[in-house]
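Whatever order the structure lists them in is the order used to number ligands and atoms, beginning at 1. Remember, it's a predicted structure, so these values are computed and weren't measured experimentally.
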Amino acid sequence: MATKILGIGSYVPEKVLTNKDLEKIVDTSDEWITTRTGIKERRICSPSEASSDLGYKSALNAIANAGILKEKIEMIITATITPDMPFPSTSCIMQKKLGLDNIPCFDINVACSGFIYGLEIARNFIDSGTYSTILIIATDCMSSVTDYTDRSTCILLGDGSASAVVAKSDEGPGILGSYLGASGKYAELLYMPAGGSRQPASIGTVSQRLHYMKMEGSTVYKIAINSMVDAVNMVLKKTGISKDDISLFIPHQANLRIIQSVGKNLGIPMEKTFINIERYGNMSAASVGVALDEAARAGKVRKGDIICMVAFGSGFVWASNIIKI
Ligand code: UT7
C-alpha cells in the first residue's frame with residue numbers, strides 16, 4: 001500500500017489586481033515589477049472573503065477530484081499564516097463549513113512551505129496506521145496583511161488556496177519522501193510584528209502599520225535560493241532519485257528570478273519547471289498546491305512521472321518532497 005495524493009483542487013478569488021492597478025497606488029511600474037519579479041497580476045479577496053472561504057472551495061474541488069465522500073475524511077490540517085482569526089483554528093472553521101464533526105483539526109503556521117509540510121504530516125499519520133484519509137488545505141489571504149503603501153512588498157502578494165486529499169492506496173507509489181527545514185534566527189527578516197501576545201493590537205500598533213508583513217527583500221532573496229537548492233538536493237539524496245529523473249519541478253512562486261536561479265543551480269531545465277507566478281504572485285502556503293493542481297489540469301502530470309516540489313518562506317521554513325504518480 002502507498003500513501004498518495006488521491007485528489008487535488010484549488011481556488012483563487014475572482015478579483016484581479018494588475019501591475020497597472022498598482023501603478024495608481026504606489027510609485028512603481030509594470031516594467032519594474034515584470035523584470036524584477038515576473039508577476040503581471042494577482043488575485044485579491046473581496047471584503048466578505050477570508051482564508052476559510054477560499055479553503056472551503058478548494059477543499060470541495062479536491063474531494064470531488066479524489067472521488068470520495070467527504071465523510072471519509074478523518075483529519076483536517078490547514079496551513080495558513082492568515083487565519084480567519086487567531087482562534088479557533090481555521091481547520092475547525094473549515095470542519096463546520098464542510099459539515100463534518102468529531103474529527104481532529106489543527107492549523108500549521110509554516111508560511112509558504114505549508115502545502116509540503118501538510119503533505120508530510122499527513123503521510124506520517126497515514127504510514128503509522130493512525131488514519132487513512134486526511135484533508136490538507138493550504139490557504140492564504142495575503143492581501144489582508146499587505147501594506148499597500150509599501151511598494152517593495154505589495155507588488156508580490158496575492159490570495160489563493162489549494163487542497164489535497166491524502167490517503168492509503170493500492171495504486172502506488174505516491175509520496176516517496178520529504179525534507180523539512182527551518183531556521184528561526186531569520187525570523188525578523190520576514191514577519192508581521194503585531195497582533196500576537198508580544199504586541200497585542202492597539203491604536204499604536206495600528207497607526208505604526210505593524211499589522212502588515214515586513215520583509216528585507218534582498219536578504220530573503222539570497223537565502224531563499226540557497227535553502228531551496230539545498231532542500232532539493234537533500235530530498236534527492238534521501239529518496240535515491242536523480243535530478244535527471246524529475247519530470248516536473250514545482251518550486252514556490254515568490255519571484256521568477258529566484259525560480260530561474262534555483263533551476264540553474266540544480267541543473268533542472270526551465271522546460272521541466274512549472275510557472276504560474278505571472279498570474280498569481282506569491283500566495284504563500286497556496287502557491288505550490290495551486291501550481292500542482294494547474295499542472296495536473298493542463299495534462300502535465302502523467303502516470304509514472306516523478307514530481308519534485310520545493311518551498312521557502314517566513315520562519316525561515318523550507319521544505320521539499322518527491323512524489324511518483
Ligand atoms: O515567500 C518567500 C519569501 N519572499 C521572497 O522570496 C521574496 C524575495 N525578495 C525579492 O523577491 C526581491 O528582493 C524584491 C522583488 C522584493 C526586490 O527586488 P530587488 O531586485 O531585490 O530590489 P531591491 O530591494 O534591491 O531594490 C532595488 C531598488 C531600490 O531603489 P534604490 O534604493 O536602488 O534607489 C528600491 O527602492 O528598487 C526599488 N524598488 C522599487 N522600484 C519600483 C523596490 N520596490 C520597487 C517597486 N517599484 N515596486
Return the residue, atom name and 0.1 Å-rounded distance of the protein heavy atom closest to [atom].
atom: atom 20 (O) of ligand 1; result: Arg36 NH1, 2.7 Å
atom: atom 44 (N) of ligand 1; result: Trp32 CH2, 3.4 Å
atom: atom 11 (O) of ligand 1; result: Asn255 ND2, 2.7 Å
atom: atom 48 (N) of ligand 1; result: Arg151 O, 2.9 Å
atom: atom 47 (N) of ligand 1; result: Thr28 OG1, 2.7 Å
atom: atom 25 (O) of ligand 1; result: Ser218 CB, 4.3 Å
atom: atom 16 (C) of ligand 1; result: Ser152 O, 3.7 Å

Check: Gly217 N/O within less than 3.5 Å of ligand 1 N/O: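 In this structure, Gly217 places an N or O atom under 3.5 Å from an N or O of ligand 1.
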Any N/O pair Ser29/ligand 1 closer than 3.5 Å: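 Looking only at distances, the answer is no, because the N/O contact criterion of under 3.5 Å is not met.
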Nearest-0.5 Å distance, OG1 of residue Thr205 to CE of residue Met192: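 So the OG1 of Thr205 and the CE of Met192 are separated by 9.0 Å.
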From Ser143 atom OG to Asp159 atom CG, the distance as rounded to the nearest 0.5 Å: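 Taking OG in Ser143 and CG in Asp159, the distance rounds to 3.5 Å.
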Aromatic plane relationship, Phe106 with Phe125 - under 30° parallel, 30 to 60° tilted, over 60° perpendicular: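 Taking Phe106 first and then Phe125, their aromatic rings sit tilted (interplane angle of 30° to 60°).
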Ligand 1 atoms in contact with [X] (distance to a heavy atom under 4.0 Å):
X: Val220; answer: 3 (C), 4 (N), 5 (C), 6 (O)
X: Leu190; answer: 3 (C)
X: Phe312; answer: 1 (O), 2 (C)
X: Asn282; answer: 1 (O), 2 (C)
X: His252; answer: 1 (O)
X: Thr37; answer: 15 (C)
X: Arg257; answer: 18 (O), 19 (P), 20 (O)
X: Ile155; answer: 48 (N)

Crowding at [atom1], [X] (>12 non-hydrogen neighbours, <6.0 Å):
X: Lys300; atom1: NZ; answer: no
X: Glu171; atom1: CD; answer: no
X: Lys303; atom1: NZ; answer: yes

Would you say [atom] has a protein heavy atom nearer than 4.0 Å?
atom: atom 32 (O) of ligand 1; value: no
atom: atom 1 (O) of ligand 1; value: yes
atom: atom 28 (C) of ligand 1; value: no
atom: atom 23 (P) of ligand 1; value: no

Nearest neighbour of atom 7 (C) of ligand 1 from the list Gln253, Met142, Met215, on a heavy-atom basis: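 Among Gln253, Met142, Met215, the closest heavy atom to atom 7 (C) of ligand 1 belongs to Met215.
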Flag, side chain of Thr34 to backbone of Glu31, donor-acceptor distance under 3.5 Å: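 Between the backbone of Glu31 and the side chain of Thr34 there is no qualifying donor-acceptor contact (under 3.5 Å).
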Examine [X] and [Y] and state if one hydrophobic cluster contains both, with Ile, Leu, Val, Met, Phe, Trp and Tyr joined whenever side-chain heavy atoms are less than 4.5 Å apart.
X: Phe249; Y: Val235; value: yes
X: Ile126; Y: Val165; value: no
X: Val288; Y: Ile137; value: no
X: Leu119; Y: Phe312; value: no
X: Met270; Y: Ile246; value: yes

Verdict with reasoning, Arg297 to Asp293, per salt bridge (charged side-chain N to carboxylate O under 4.0 Å, His left out): CA-CA 6 Å; Arg297 282 189 286 118; Asp293 184 41; 3.2 Å; yes
Indicate, as side chain, backbone, both or neither, the part of [X] found under 4.0 angstrom from ligand 1 when only non-hydrogen atoms are considered.
X: Thr153; result: neither
X: Ile33; result: neither
X: Val26; result: neither

Sub-4.5 Å side-chain heavy-atom contact between Tyr179 and Ile322: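 Heavy-atom side-chain distance check fails, nothing below 4.5 Å.
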Note: Asp101-Lys96 ion pair, threshold 4.0 Å (strictly below):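 Salt bridge flag = no for Lys96 with Asp101.
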Ile258 to ligand 1, any heavy atom closer than 4.0 Å: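 Flag set, Ile258 near ligand 1.
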